[in-house]
There are 2 protein chains.
Amino acid sequence: MAIETGGWVTMGEVAERAGVSKITVSRVLRSPDKVKQETRERVRAAIAELGYVPDEAAGGLSSRRSRIVGAVISTLAGSTFASTVDGLGDRLRQNGHQLLLAGTDYSSAREADAVAAMLGRRPDGLVLTSTTHRDDTRRTLEASRIPVVEIWELPVDPIGYAVGFSNRDAGAAMARHLLAAGRRRMAFIGTAGEDDRRGRLRYDGFAEVLEQSGVAEVRATAAASGTQTARGARGLAAVLERWPDTDAVFCSSDTLALGALSEARRRGLTVPEDIAIAGFGDFEFAGEFGLGLTTVRVPGPDIGEVAAQLILDVNAGLEPPSRTVDLGFQVIARATT
Amino acid sequence: MAIETGGWVTMGEVAERAGVSKITVSRVLRSPDKVKQETRERVRAAIAELGYVPDEAAGGLSSRRSRIVGAVISTLAGSTFASTVDGLGDRLRQNGHQLLLAGTDYSSAREADAVAAMLGRRPDGLVLTSTTHRDDTRRTLEASRIPVVEIWELPVDPIGYAVGFSNRDAGAAMARHLLAAGRRRMAFIGTAGEDDRRGRLRYDGFAEVLEQSGVAEVRATAAASGTQTARGARGLAAVLERWPDTDAVFCSSDTLALGALSEARRRGLTVPEDIAIAGFGDFEFAGEFGLGLTTVRVPGPDIGEVAAQLILDVNAGLEPPSRTVDLGFQVIARATT
DNA sequence: TTGAAAGCGCTACCAT
DNA sequence: ATGGTAGCGCTTTCAA
């Protein structure tokens, strides 16, 4: 039965109503077992009657714990990071923390702004999807002494911690898969934007294996604008124009692969007979009841959960066994290769 | 050249360094033109030298404006709301606000928790993807006097404001499209979860038009578990088993439609000759260079931007012309119908 | 144009 | 088991 005051009920008002002091109300909220059961119940009743909602900002100011974790994500659309953010938010919620989100659209200038804005909230931790930052961003982060977790890649020298997998190894694994399937003239289709860092790593691993195999050739292309599917389609067109004998393409994302698939169909090519097509990410649409696309599955939600746990642990004084957590990946062979 | 103090630089330290009082520093930050240019520059220099980052929580406590907006989203995965959250965050950022995010996984109990947690931050506004809430959630929200925007549907009696489109009308529009394409024995495939509210509305509009047409029949099915694509596939299987003469299916999401498409292929059916398939959402994979799926396009990013702007406006004292903003939708006819 | 004092709502610290 | 006091870092209000 919340009483409408037009403003917010304060802890003092709850205390008065319960006939105790503010600090006792605070204890009922933060460490209930330090309060005698009878008192506790009286306070809880007052809280309920008044519809009291503790002001976390005030609490954080005092305790120097904001219970906020910031996530700086390149973009939610494209669905790459969506499940990671879900996992992150979930684990934080379970531990009484909240998630502050900012998007950068793959711009390191916007990343810098987002980081600055988040630091203004004195977050208990920060999660970044990018692993390349402006120098000043990195310095600011290092100076902040806040636990920082870079995700979706394993940088050699992380700012704080890293949770993800090796994009390079993933590219290499796909190369081996295609080699084993008998493919020899393979192309890589990526994007040419700023978001291409991870794609570049996938390409590097892919190309290295092929070169070392001594039996296969590599070709690469990237389209710079348009939707991802359009880029995939144009990418495949470009590849086939230049290297008509290509027998397999590895796309830097499932969405690109879908574009390539549609282009192949348009050209009357049969997949995988005429050409094999593989993607990256194992998005839902790539699955068994969708495209049936060969791809690389990465542990999206786990990355978020582990990143959150790392921050919680560090703040609880636990020293993590390692600054880097490799969650691996898995090549999923389906019907397109 | 941030000086490493191990802690955080305060406004007082900046003030001391610049030889002014705290309030002057505050003014340089919040209303620079109230400070003489020379002083302003001195303060700005001090800020830069010390690497000062204002504590927004302290500022908010004092000014009673948190510059935080909360978004309570059912889920990011599935990509339905991803672009909306991007749009929301973007517009907020442009106006110096930050986005607090919580997921509910379509549970109204978790929605209640998320709302309570957010109220603890004294947000300047709240955005909810759900339009069905627990009674106590709704009461709490109403009592909070915070601008609340429900999105992705237009409830008859919104808590505060609503930004979206009519799911019912969208279903009706698709029915008309399929009727015009000569289809007569149509099925609806939805999901049976708690997330089915909007799907239900789409179905209602769809069914109503078909019934009123007098020439077409409606069938409906829903699969309760598994991935969306799996549900789509099983949905189509169920429909064809029970009503083998079905000549069109309208799926409550593009992902379901993809599942249906894969099932149709598996059964050797030609789309759209043997059966027409339509989806909802116009996800990227449905597009021209993807599936080429007939679907309903909804203004995802716009919904986020308009919701953000509404909150900003209300807090700026502007009275919005209407409590409800209908952003519409569009039937996109492609190759599957 | 600038400043001093008071206070936002809470928790840390030290008592009792 | 409970409370008093001080103070977190900022902005508001009122003065100068």
Side-chain angles (χ1 to χ4, degrees), chain A residues 5-44 46-47 50-68 96 117 119-124 144, chain B residues 5-44 46-47 50-68 96 117 119-124 144:
Chain A
T5 66
W8 292 93
V9 176
T10 68
M11 189 175 268
E13 300 176 74
V14 174
E16 195 178 0
R17 173 122 184 178
V20 297
S21 71
K22 285 194 298 176
I23 186 62
T24 299
V25 177
S26 175
R27 287 199 185 102
V28 169
L29 259 19
R30 305 299 168 202
S31 39
D33 27 83
K34 286 186 179 168
V35 178
K36 190 166 56 170
Q37 164 158 7
E38 187 205 309
T39 315
R40 202 191 307 153
E41 282 166 5
R42 206 146 28 92
V43 170
R44 290 212 167 116
I47 288 176
L50 296 173
Y52 169 63
V53 180
D55 185 322
E56 300 290 338
L61 187 59
S62 198
S63 67
R64 304 171 150 290
R65 285 224 152 290
S66 63
R67 294 174 171 275
I68 280 183
L119 289 180
R121 298 288 166 185
R122 304 294 186 264
D124 290 348
S144 77
Chain B
T5 66
W8 292 93
V9 177
T10 68
M11 188 175 269
E13 300 175 72
V14 174
E16 194 178 0
R17 173 123 183 174
V20 298
S21 72
K22 286 192 298 176
I23 184 59
T24 300
V25 178
S26 175
R27 288 200 184 101
V28 169
L29 260 19
R30 306 296 168 206
S31 40
D33 27 83
K34 287 187 178 167
V35 178
K36 190 167 54 168
Q37 166 159 4
E38 187 204 309
T39 316
R40 202 191 306 153
E41 282 164 7
R42 207 146 26 91
V43 170
R44 289 210 169 119
I47 288 176
L50 296 173
Y52 169 64
V53 180
D55 185 323
E56 301 289 339
L61 187 58
S62 201
S63 68
R64 301 169 154 290
R65 283 225 154 294
S66 63
R67 293 175 172 274
I68 281 182
L119 290 179
R121 298 288 167 186
R122 304 295 187 263
D124 290 347
S144 76

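Letters A, B, ... are given to chains in the order of the sequence lines, protein chains preceding strands, and every chain is numbered from 1. All values below come from the heavy atoms of this structure, side chains included, with hydrogens, waters and symmetry mates left out. Everything numeric here is computed off the predicted structure, so don't read it as measured data.
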Quiz item: Which of these nucleotides, dT2(D), dC8(C), dA12(C), is closest to any side-chain atom of R64(B)?
Solution: dC8(C)

Self-check item: N/O donor-acceptor pair, side chain S62(B) with base dG9(D), under 3.5 angstrom
Solution: no

Quiz item: Between R42(A) and A18(A), which heavy-atom pair has the shortest distance, and what is it?
Solution: NH1-O, 2.5 Å

Quiz item: Of T39(B) and L61(B), whose closest DNA chain C nucleotide lies nearer the 5' terminus?
Solution: T39(B)

Quiz item: To the nearest angstrom, how far is L119(A) atom CG from dC10(D) atom P?
Solution: 14 Å

Practice problem: Could you check I23(B) against A57(B) and say which one's nearest nucleotide on DNA chain D is further toward the 5' end? | Solution: A57(B)

Quiz prompt | Distance, rounded to the nearest Å, where L29(B) contributes CG and dC10(D) contributes C1' | solution = 11 Å

Exercise. Measure from CZ on R27(A) to C1' on dT11(C) and round the result to the nearest Å.
Key: 10 Å

Self-check item: Whole-Å distance separating the CD atom of E56(B) from the C1' atom of dC10(D)
Solution: 10 Å

Self-check item: Atom pair distance, as rounded to whole Å: CZ in R121(B) and P in dC8(C)
Solution: 20 Å

Quiz item: Is there a donor-acceptor pair under 3.5 Å between the side chain of R40(B) and the backbone N or O of P32(B)?
Solution: yes

Self-check item: Heavy-atom side-chain contact between R122(A) and L61(A) under 4.5 Å
Solution: no

Quiz item: Are any non-hydrogen side-chain atoms of V35(A) and V43(A) less than 4.5 angstrom apart?
Solution: no

Exercise. To the nearest Å, give me how far apart CG (D55(A)) and P (dC8(D)) are.
Key: 18 Å

Quiz item: Can you find a side chain N or O atom of S26(A) that sits less than 4.0 Å from OP1 or OP2 on dT11(C)?
Solution: yes

Exercise. For the residue pair I47(B) and L29(B), establish whether any side-chain heavy-atom pair is separated by less than 4.5 Å.
Key: yes

Quiz item: In whole angstrom, what separates K34(B)'s NZ from dG3(C)'s P?
Solution: 15 Å

Quiz item: Does S63(B) place a side-chain N or O at less than 4.0 Å from the phosphate oxygens OP1/OP2 of dT11(D)?
Solution: no

Practice problem: Round to the nearest Å and state the distance from D33(A) atom CG to dA1(D) atom C1'. | Solution: 12 Å

